Amino acid sequence: TLNLGNITSSKPITQGLSQQCFEVFTDADNRYIVKMYRESLYSSSNNTCVELLAYQAFKAKFTPTLIGHTEHLLVLEKLTCEPMCLIEQSTQNKLSLTLLAASKLHELPIQPDYCFCKSINFRLVFNALMNESKLEPQLAKMINKHVNTSIERLNNYLEINTVNPVICHGDLNFGNVFYDENTKNETFKLIDFESLCLMPKEYDIAMMLAVNCVNINKSEGGLFIAGLALLNSTDPKVDKHLVGIYYNLSVLINGLWYLNKFKPYKVQQSDINDSNSNSDLYFNKVIEQFTLLDDQLILNLITNSDITF
């Protein structure tokens, strides 16, 4: 059990899209973040246990302090700094700062304490996402074509190149990186470790670009310029070609993940006119990600037809 004192109030945190989160206030003026999980934090059969293990292993070096946990709850200290998504900086600066924060993970030595970090088997990931999505045949065929092409490109690359795996966050959206710009030494805190993995740093960079909707496939717009500037300023050891391969895989993972999240809301909201529902939020995310894939036929199928589940 958890003893947080007398809870006086709470409010939902709407920035995240994976699990329900609340800011909790107590009569002792303490503030906590409580994250709720549908699956058990103690089961090794799902990714939620990775998050608990990460907070325990990192020992608040660059994370919020872990206050306590139960099987379905994680309680963290409330950070005083702001998430990157709320800070007034250019996208290019946010990308650079986020990558700087991620370097704290990338520089960790690979040791037994971090044995819960596993590499990604993309074939298994996409099989699970596609099986859950139950897309109409034409759309499924077109998405599978992109998946197979991207995995083949990656396999071809790995056959002739050596990569160095590091601990990757796996979900470096601007809401998961907290930054205190008022301190002399730049202070970063990272949250949300459900996607933590052991991969080349190029994967973390690619997923960061994709999840923050930075289009590196089209040479237009400020976000493309921001992404290009980031790639040009990163460590020369970073392989931009590998980033590009992982980028398409990241876009496909994100698009299918949002599509699967959209599915239950579509059913629940079928008779409700709620323009501000999570259904709209998830569907907008679907469109954002598949726009990055730069395949107009897939976009047309998603936007112009009733997605059946």
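Small disclaimer: the values here were computed from a predicted structure and weren't measured.
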How long is the gap from OG1 on T187 to CG on D180, to the nearest 0.5 Å?
-> 5.5 Å
Is there a donor in the side chain of Q296 and an acceptor in the side chain of N300, or the other way round, less than 3.5 Å apart?
-> yes
Test item: F116 and Q56 side chains (from C-beta on) under 4.5 Å apart, heavy atoms | no
Check the pair Y203 / S250 against side chain to side chain contact (heavy atoms under 4.5 Å, CB included), numbers first and verdict last.
-> CA-CA 8 Å; Y203 173 73; S250 299; 3.9 Å; yes
Side-chain contact, heavy-atom cut-off 4.5 Å: Q289 with W257?
-> no
Taking the side chain as C-beta and beyond, is there a heavy-atom pair between L299 and T291 under 4.5 Å?
-> yes
Nearest 0.5 Å, what's the CG-CZ distance between L249 and R153?
-> 8.5 Å
Exactly one of I287, V214, N215 clears side-chain contact (heavy atoms from CB on, under 4.5 Å) with L292, and that residue is N215
Candidate pair L76 and I67, rule side chain to side chain contact (heavy atoms under 4.5 Å, CB included), full reasoning | CA-CA 5 Å; L76 304 167; I67 304 299; 5.5 Å; no
Is a side-chain donor or acceptor of H72 paired with a backbone partner of M36 at a separation under 3.5 angstrom?
-> no
Nearest 0.5 Å, what's the NZ-NZ distance between K201 and K237?
-> 8.0 Å
Atom pair OG (S195) and CE (M207), whose distance is rounded to the nearest 0.5 Å | 7.0 Å
Any side-chain heavy atom of V243 sitting closer than 4.5 Å to one from L209?
-> yes
Of all the heavy-atom pairs spanning A210 and N254, show the shortest one and how long it is.
-> CB-ND2, 3.9 Å
V177 and A101 have their tightest heavy-atom pair at CG1-CB, 3.8 Å
Among pairs that include at least one residue of residues 70-87, which meet salt bridge (charged side-chain N to carboxylate O under 4.0 Å, His left out), considering only residues two or more places apart or in two chains?
-> none
To the nearest 0.5 Å, how far apart are CG in L97 and OH in Y179?
-> 5.0 Å
Any donor-acceptor N/O pair, T8 side chain to F25 backbone, under 3.5 Å | yes
Indicate yes or no for a side-chain donor-acceptor contact from N176 to the backbone of D171 under 3.5 Å, with no hydrogens or angles considered.
-> yes
Single hit among L52, T70, V50 for side-chain contact (heavy atoms from CB on, under 4.5 Å) with L41 = L52
Any donor-acceptor N/O pair, N212 side chain to L172 backbone, under 3.5 Å | yes
Under 4.5 Å between any side-chain heavy atoms of K35 and E51, yes or no?
-> yes
Among L297, V147, L135, find the one that has a side-chain contact (heavy atoms from CB on, under 4.5 Å) with M142.
-> L297
Heavy-atom distance under 4.5 Å between the side chains of L158 and V163, does that happen here?
-> yes
Can you say whether the rings of Y282 and Y258 are parallel (under 30°), tilted (30 to 60°) or perpendicular (over 60°)?
-> tilted
Heavy-atom distance under 4.5 Å between the side chains of T63 and I191, does that happen here?
-> no
So, is the end of the K104 side chain (NZ or CZ) under 6.0 Å from the ring centre of F62 and within 45° of the ring's axis?
-> no
Excluding sequence neighbours, so at least two apart, what forms side chain to side chain donor-acceptor pair (under 3.5 Å) with S43?
-> S45
Check I216 against G244 and note the closest heavy-atom contact, atom names and distance.
-> CD1-CA, 4.5 Å
Relative to the ring of Y246, is the ring of F122 parallel (under 30°), tilted (30 to 60°) or perpendicular (over 60°)?
-> tilted
Please name the residue in the list L129, D295, L301, I298 that meets the side-chain contact (heavy atoms from CB on, under 4.5 Å) test with I143.
-> I298
Before giving the answer on side chain to side chain contact (heavy atoms under 4.5 Å, CB included), spell out for I33 and V75 the whole-Å C-alpha distance, their side-chain angles and the decisive distance to 0.1 Å.
-> CA-CA 6 Å; I33 300 299; V75 181; over 6 Å; no
Taking atom types as modelled and ignoring hydrogens, do the side chains of H106 and D204 form a donor-acceptor contact shorter than 3.5 angstrom?
-> yes
Looking only at heavy atoms, the pair that brings S40 and T48 closest together is O-OG1, 2.9 Å
F22 and P12: which non-hydrogen atoms are nearest, and at how many Å?
-> CD2-CA, 3.6 Å
With respect to F174, which candidate in I87, L86, L95 satisfies the side-chain contact (heavy atoms from CB on, under 4.5 Å) definition?
-> L95
Neighbour count above 12 (heavy atom, 6.0 Å) for Q89 CD | yes
Tightest non-hydrogen contact, residues T26 and Y32, listed as CG2-CE1, 3.8 Å
With side chains defined as the heavy atoms from C-beta onward, is the minimum distance between Y42 and H69 less than 4.5 Å?
-> yes
Any idea how F58 and F193 line up, ring-wise: parallel (<30°), tilted (30 to 60°), or perpendicular (>60°)?
-> perpendicular
With sequence neighbours left out, which residue pairs that include part of residues 107-126 fulfil the side-chain hydrogen bond (donor to acceptor under 3.5 Å, both in side chains) condition?
-> Q111-D113, R123-N148
Would L196 end up clustered with V166 when hydrophobic side chains under 4.5 Å apart are linked, directly or stepwise?
-> no
Roughly how far, to the nearest 0.5 Å, is the OG1 atom of T98 from the CD1 atom of I205?
-> 11.5 Å
